[in-house]
Amino acid sequence: MKKSIEEINQKISEGCARVVTAEEMPNIVKELGLEDATKEIDVVTTGTFGAMCSSGAFLNFGHSDPPIKMQRIFLNDVEAFAGIAAVDAYIGATQQARGPKLEYGGGHVIEDLVGGKEIELKAESYGTDCYPLKSLETEITIDDLNQATMINPRNGYQKYNAATNSSDRIYYTYMGPLFPNFENISYSGSGILSPLSNDPEYRTIGIGTRIFLGGAKGYVIGEGTQHDPENGFGTLMVRGDLKEMNTNFIRGAKIYKYGISLYVGLGIPIPILDENMTKATAIEDKDIVTNLVDYGIQRRDRPKLRKISYEELKSGCVDLDGKEVKTFPMSSYFKAKEVAEKLKEDIIQGSFKLSLPVEPLPRYGEVKPMYQKKVNPMVKDLMSKKVVFVREDIQIEEAAKVLIKNGIDHLPVVSESGRLVGIITSWDIAKSVAKGSSHKKVSDIMSKNVVCIGPDDLVDVAARRLEQYNISAMPVVNPNKEIVGMISSSDLSKLVRS
Amino acid sequence: MKMRIQIPANLVRKPIVSDIVLKTNVLINLEKVNIEANKADMVVDVKDRWEDVKKAFEERGISVDLLKEPIKRRLDRCVMCGICSTICPVGVFKISDDWEVQIDSSKCIICKNCINLCPTEALSVDY
Ligand code: SF4
Ligand code: SF4
């Protein structure tokens with residue numbers, strides 16, 4: 001049984017198309033079987049709603065009098081890219097406001113534009129014969145713009161890696177707060193409702209596919225950046241008219257200690273052209289499998305701990321090597337359902353017709369890492385390998401002598417079995433003496449919460465950690481917590497001099 | 001009922017809570033205590049006869065605010081993501097079967113962990 005897109009659109013016009021969401025599809029196929037489900041169902045709607053950093057909009061402001069060739073542009077103090085024609089700009093979702101307004105950024109400007117709010121526009125220029133004006137300040141709303149076109153270079157990930165954290169400290173990431181020692185797992189994406197997961201061969205999704213974007217009609221204009229079809233991580237580049245969108249489906253986002261992003265609601269209707277499409281849209285959360293990745297390792301190639309399905313992730317609790325770990329979503333499944341339902345409504349009411357792509361998305365290819373001419377050095381390349389440390393049961397005076405003899409300020413403390421258990425500094429000793437405290441052993445006064453790093457971590461990570469904790473040196477430990485070196489800010493400064 | 005109790009400097013060193021527990025015979029659950037040089041600030045939860053406890057504090061010249069809805073959410077901002085559910089130590093946020101993020105404000109101990117974490121700035125506390 002085959003159906004053409006024209007037949008389906010005809011049915012939509014006549015108001016007799018049968019439209020369901022991708023959530024309803026598995027049960028329908030189980031009940032009716034592939035053949036009858038293909039006859040019965042015409043369109044399956046999908047939806048996703050998540051923070052999509054690779055989003056933004058082209059704006060055209062119209063010309064001022066006298067005209068200006070805008071060279072730097074600020075919208076509510078958020079810089080927009082101005083390196084195009086005189087009054088064109090691109091406002092990117094993650095750009096942060098200059099000055100003290102760190103909580104505000106491009107995502108919020110886009111939301112405020114969509115919401116019809118007044119936006120302060122400031123522009124600077126060098127002045128030319130044809131564009132004499134050098135600076136400009138005004139207030140605009142979206143209605144004053146000639147065009148406000150959302151173009152998002154990468155949206156709608158087919159699925160996304162789930163995140164956890166093996167390290168002993170909390171990390172605030174774009175995947176949310178990840179607690180130490182695998183205490184939680186975060187995930188993103190709508191699983192069963194994910195647009196590309198419901199058409200994994202990209203038969204109906206490609207350049208020209210009409211979609212739901214931010215509450216309005218939009219189009220797929222190609223594969224997204226970092227499109228990774230061979231690993232099942234396809235992405236989309238999409239376009240839509242900001243003027244028709246609404247803030248129910250476009251929302252600025254502030255990810256704590258990470259930055260600004262934009263929540264985008266995106267939905268794609270999938271025409272049931274034949275049984276293969278029925279089968280594809282009958283996919284369930286348990287069939288959509290992603291990687292669980294360790295964000296505790298601050299490298300590009302973060303270790304993949306295991307495969308994990310959206311069914312497990314959405315259940316709220318995952319078994320990780322015998323430990324029950326709670327999951328939490330970064331994207332909103334509630335809103336993803338709203339997108340799929342809204343799209344379904346629009347199609348049933350005849351206000352949304354389907355289109356087939358003029359070119360399919362590429363089905364081959366993988367994401368390449370960056371080509372870096374210079375390899376970033378690792379901690380083991382710069383650390384001092386001669387480490388002085390003491391056992392936890394020695395006397396404080398002993399430790400003081402060791403510090404003085406070696407001319408050092410930081411003295412790692414190890415247990416009987418050689419594992420790092422603490423650190424003392426000359427300051428700790430001075431404090432204990434000054435207080436006249438009765439402590440005798442090093443283990444009584446050492447700090448037990450030691451900031452440390454691994455030999456294979458990049459020196460940039462080490463520099464960031466020293467800065468974050470406001471310390472000048474830390475021990476380098478292997479996975480068994482044995483000390484293999486020390487790294488200090490003066491070791492790191494060697495790098496700058498060379 | 002949760003209450004916010006503000007104890008002035010002259011009473012900080014007095015065993016007020018114990019005294020009130022003994023006199024009223026009502027259990028007081030201390031949820032948060034913040035003692036500074038010149039004042040103390042507490043959040044307490046009283047299950048039964050909270051009116052008696054409130055009166056007892058007030059009779060001693062200590063101001064009591066009832067925390068009927070300690071944590072507030074603006075529904076026009078909230079996108080029902082559920083990030084708040086990972087950070088709350090007392091389980092104020094629950095993701096329901098149809099994926100709505102529900103709030104039981106009465107459990108809140110005003111730790112404020114969730115405030116900064118909410119990506120849409122939908123959450124606030126008045127205290
Ligand atoms: S984190 Fe904020 S937006 Fe997300 S569910 Fe909680 S209150 Fe709503
Ligand atoms: S303030 Fe603390 S206790 Fe209250 S809801 Fe937020 S995280 Fe939970």
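A note on names: the letters A, B, ... follow the listed sequences, proteins ahead of strands, and every chain is numbered from 1.
Under the rule for a salt bridge (charged side-chain N to carboxylate O under 4.0 Å, His left out), the partners of A/R306 that lie at least two apart in sequence or sit in another chain are A/E312. The salt bridge (charged side-chain N to carboxylate O under 4.0 Å, His left out) check on B/K23 picks up B/D19, with sequence neighbours excluded.
Within a 6.0 Å sphere centred on CG of B/L30, heavy atoms belonging to other residues, nucleotides or ligands number more than 12. The environment of A/K117 atom NZ is sparse: at most 12 non-hydrogen atoms of other residues, nucleotides or ligands sit within 6.0 angstrom. Other residues, nucleotides and ligands contribute at most 12 non-hydrogen atoms within 6.0 Å of the CG atom of A/D321. Within 6.0 Å of atom CG in A/N449, 12 or fewer heavy atoms from other residues, nucleotides or ligands are found, so the atom counts as exposed in its surroundings. Summarising the local packing, NZ of B/K72 is surrounded by more than 12 heavy atoms from other residues, nucleotides or ligands at distances under 6.0 Å.
One distance of note links CD of A/E103 with CD of B/E121; it measures 5.5 Å at 0.5 Å rounding. Here CD of B/E100 is found 10.5 Å from OG of A/S332. Values are rounded to the nearest 0.5 Å.
Contact detail for B/G82 and A/F328: the closest heavy-atom pair is O-CB, 4.2 Å. The minimum heavy-atom distance between B/P119 and A/I255, with the atom names listed, is CB-CD1, 4.4 Å. In plain terms, the two heavy atoms of B/L117 and A/Y256 that are nearest each other are CD1-CD2, 3.4 Å. Looking at every heavy atom in both residues, A/R251 comes nearest to B/V79 through NH1-CG1, 3.6 Å. Of all heavy-atom pairs spanning B/N116 and A/K254, the tightest one is O-NZ, 3.2 Å.
Among A/G107, A/A253, A/P329, A/S186, the residue making the largest number of heavy-atom pairs under 4.5 Å with chain B is A/P329. Taking chain A as the reference chain and counting heavy-atom pairs below 4.5 Å, the highest number among B/I83, B/T120, B/V101, B/I87 is found for B/I83.
Of the atoms belonging to B/D98, heavy atoms from both backbone and side chain fall under 4.5 Å from chain A. With a threshold of 4.5 angstrom between heavy atoms, B/S85 approaches chain A through side-chain atoms but not through N, CA, C or O. A/K337 touches chain B through its side chain: at least one heavy atom from C-beta onward sits under 4.5 Å away, while N, CA, C and O do not. Contacts of B/C84 with chain A are absent, with no heavy-atom separation under 4.5 Å from either backbone or side chain.
Pairs of residues two or more places apart, or lying in two chains, that qualify as ring pair (Phe, Tyr, Trp, His ring centres under 6.0 Å) and include a residue from residues 84-124 of chain B are A/Y333-B/W99.
Heavy-atom proximity under 4.5 angstrom to chain B picks out A/Y172, A/P177, A/F179 from residues 170-183 of chain A.
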